[in-house]
Every structure is written in C-alpha cells, then in structure tokens.
> 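Following this message is one structure expressed as structure tokens.
Each chain gets a letter, A, B and so on, in the order its sequence line appears, and its residues count up from 1. Owing to the predicted nature of the structure, the values given are computational and were not obtained by experimental measurement.
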Amino acid sequence: MTEPTAVTKKTEEAARSEAALLPPVDVIEDAGGITLYADLPGVPKDKLSLQIDADTLTLEGEISLDMPEGMEATHAEVSRPRYRRTFTLSKELDSGKVSAEFNHGVLKLRIPKAEHAQPRRIEVKVA
Amino acid sequence: MYYGSLFPRDLFAELDRLQRDMQQAFEFFPSIRGLARGGFPAMNVGSTPKSVEIYVFAPGIDPSAIDVQVERGVLTIAGERKAEEIPEQATVHIDERYAGRFRRVVTLPDDADANAIGAKYRDGVLHISVPRKEAAQPRRIAIQ
C-alpha cells in the first residue's frame, strides 16, 4: 500500500526539472498590453510562484489537497502534484509593471506595454 | 465503432458510457496534456476504508453555481464556466481554457451513504467526501 502524502513529498524534493502539468491558458492582447489567464486548480496562494528572468516568464504552482490519511488513489486525471509553464516575453512588454491576481485557482496576469511601445499617431509634417 | 453486447448486463454502466461518448463527440475539449482526459473538469478519486473522496478541478467558478446531485448512487456535478470578457479590438493569441456548460458523472460504490455527503470548494477544487455506511466499515470482532 502506498501513502499519497509520501509520494507528494518525494516529488517535491525531486529535481526542479521534473515533469509537471501544463496549465491551460488564455492570452489576450489589446493596445495597452497583454492579459494572461491560467487555470491552476488546487494551488494555494502561497504555493504559487511567478518569475520573470530577462524575457522569460515562468508560472509554477504546487497542488495541495486535503487528503485523509491512508487514502488510496483509484482514478487520477490530475496525475502530478505541480504545474509549470514558461513563456517568452517580447521586448515591448514592461516586465517591471506586471500585476497579478489569483482567485479560485485562476491566475490573471496583466503585462503592460512599455510606454515607448504604446500605439502612437505620427504626425506628418509638410516640408 | 462500437462493439457492445446487445444485452448489456449493467444498463446503468452502459448508459453512463454512452453519455460519455456522446459528450466527447459533441463538445470541444482543448487538448492540454494531462488535463484533457475525460474533459472539463478533471477529476481525481480516492478511497479510504471510511469514505470515498472526489476532487473536481473546476477553477474560476462561483461555488454557488455548481450543482451537485446524487440519485440512485450516481453523483452528478454540473455547472457553467463563463468565458473571460474580451475587450474590443483585442487579439486572442491563445485560447485553451474551457468555457461553457459542463457535467460529469461518478457512480458511487454500494456502501456510500448518500445522506452524509459533504462538499467544499477551495482554490478552484471542489472536494466531495462521501462517507461509507457504518455497517460496511471493517470491524474487529472480539473473541470471547
């Protein structure tokens, strides 16, 4: 008999490169920036990590469920205890001004465009 | 496509299977590795000698809008997830998250106590705990 908690613990200790679930996302772009929604069900707020390293955005979350002692999994569609997904940001995005909301397992990220990249009207001068 | 028996032994299981097939044929499930099997919401089921624990991964839903029903040993979880509002003149680059109505069905074991089912929604996961009936729980018999 295996104990699920022991399995979870072992996975946590394992290397960072270990396989993770790919969370589904929606990415919507408007004139002011990009909005990203990601489904991360089962991740408490303190187990969610967002990282921006140069132009790479990494979302990572660990699933934590209330499991009664001695529970044996009989059917698992969410088969790994973590989510991870990486995106490459383009240059016109202002990674210093990212705002995030996390509610009921849905992450909403807003990445505005840098001011110099906002759409502008160019005036045509007559010489 | 289907090579089933003409006289299915378990009619309910057959209906259940048929419903699942229909659902898969008519609904669009975004193919996200690991989450797509069985559609939205993904489900994990576990069991202990005292209960059956069901975890339904349904993020971003108002808990009061989830309908959980038990009838004749069949548990049904249904609801709707609304699509995010897209501002005018915006471009959708990736669209993978499920939106729309959903329904999933679980057949409970015979010893499940349908009157004592508890459900909690936390971090986008609906956790349904179905206790087993007292009489069905393993007991130690004292030898006199």
Side-chain angles (χ1 to χ4, degrees), chain A residues 1-4 19-48 61-85 87 90 101-108 119, chain B residues 29-63 65-66 81 83-99 104 106-107 109 118 120-127 129 131:
Chain A
M1 239 173 53
T2 51
E3 213 185 339
L21 296 167
L22 203 62
V25 299
D26 284 355
V27 175
I28 300 153
E29 178 171 6
D30 56 50
I34 279 183
T35 308
L36 181 147
Y37 296 93
D39 281 352
L40 302 157
V43 177
K45 213 169 188 169
D46 58 315
K47 294 264 179 82
L48 172 74
E62 254 167 50
I63 301 176
S64 154
L65 302 173
D66 302 329
M67 286 192 274
E69 218 175 295
M71 189 185 86
E72 263 184 283
T74 51
H75 173 83
E77 289 167 5
V78 177
S79 51
R80 290 186 180 121
R82 69 166 75 235
Y83 301 98
R84 189 189 305 116
R85 194 154 177 179
F87 297 90
S90 54
E101 280 170 49
F102 191 45
N103 230 325
H104 286 330
V106 177
L107 171 72
K108 181 183 177 184
Chain B
F29 295 117
S31 66
I32 307 309
R33 240 178 294 141
L35 279 174
R37 189 153 54 101
F40 182 92
M43 244 169 16
N44 281 10
V45 181
S47 90
T48 73
K50 284 186 178 163
S51 66
V52 175
E53 309 288 330
I54 300 160
Y55 301 88
V56 184
F57 294 78
I61 296 169
D62 176 7
I66 307 175
R81 185 154 99 143
E84 304 297 342
E85 271 176 46
I86 297 166
E88 256 179 75
Q89 295 195 320
T91 315
V92 177
H93 293 296
I94 309 179
D95 177 18
E96 296 168 342
R97 295 168 64 241
Y98 182 86
R104 289 210 66 181
V106 190
T107 308
K120 268 185 285 179
Y121 187 75
R122 187 171 65 98
D123 299 329
V125 177
L126 176 70
H127 177 189
S129 183

> Any sub-3.5 Å donor-acceptor pair from B:T48's side-chain atoms to A:G70's backbone N or O?
no

> Using modelled atom types and a 3.5 Å cut-off, is there a donor and acceptor pairing between side-chain atoms of A:E72 and backbone atoms of B:S47?
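No, the answer is negative, given that no donor and acceptor are paired below the 3.5 Å cut-off.
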
> With a 4.5 angstrom heavy-atom cut-off, could you sort out which part of B:K50 is near chain A: side chain, backbone, both or neither?
neither

> With side chains defined as the heavy atoms from C-beta onward, is the minimum distance between A:H104 and B:P59 less than 4.5 Å?
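Sidechains of B:P59 and A:H104: no contact.
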
> Against chain A, label B:H93 side chain, backbone, both or neither, depending on which of its atoms sit under 4.5 Å from a heavy atom there.
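When you check distances to chain A, atoms from both the backbone and side chain of B:H93 fall under 4.5 Å.
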
> CD1/B:I54 to NE2/A:H75 distance, rounded to the nearest 0.5 angstrom?
10.5 Å

> Under 4.0 Å between a side-chain nitrogen and a carboxylate oxygen: does that hold for B:D123 and A:K47?
no

> Restricting to non-hydrogen atoms, name the atom on B:V125 and the atom on A:P41 that form the minimum distance, rounded to 0.1 Å.
CG2-C, 3.7 Å

> So, do B:Y55 and A:I63 sit near enough that their side-chain heavy atoms are less than 4.5 Å apart?
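No, side chains not in contact.
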
> Is the shortest side-chain heavy-atom distance between B:N44 and A:E77 below 4.5 Å?
yes

> So do A:M67 and B:E53 actually touch side chain to side chain, heavy atoms under 4.5 Å?
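No, every pair of side-chain atoms sits at 4.5 Å or beyond.
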
> What option among A:D66, A:T35, A:N103 has the most heavy-atom pairs under 4.5 Å with chain B?
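Among A:D66, A:T35, A:N103, the one with the most close pairs to chain B is A:D66.
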
> Go through B:R81 and A:D39 one step at a time and tell me if the side-chain contact (heavy atoms from CB on, under 4.5 Å) criterion holds.
CA-CA 12 Å; B:R81 185 154 99 143; A:D39 281 352; 2.6 Å; yes

> So, taking the atom named CD in B:E88 and the one named CG in A:D30, what distance separates them when rounded to the nearest 0.5 Å?
11.5 Å

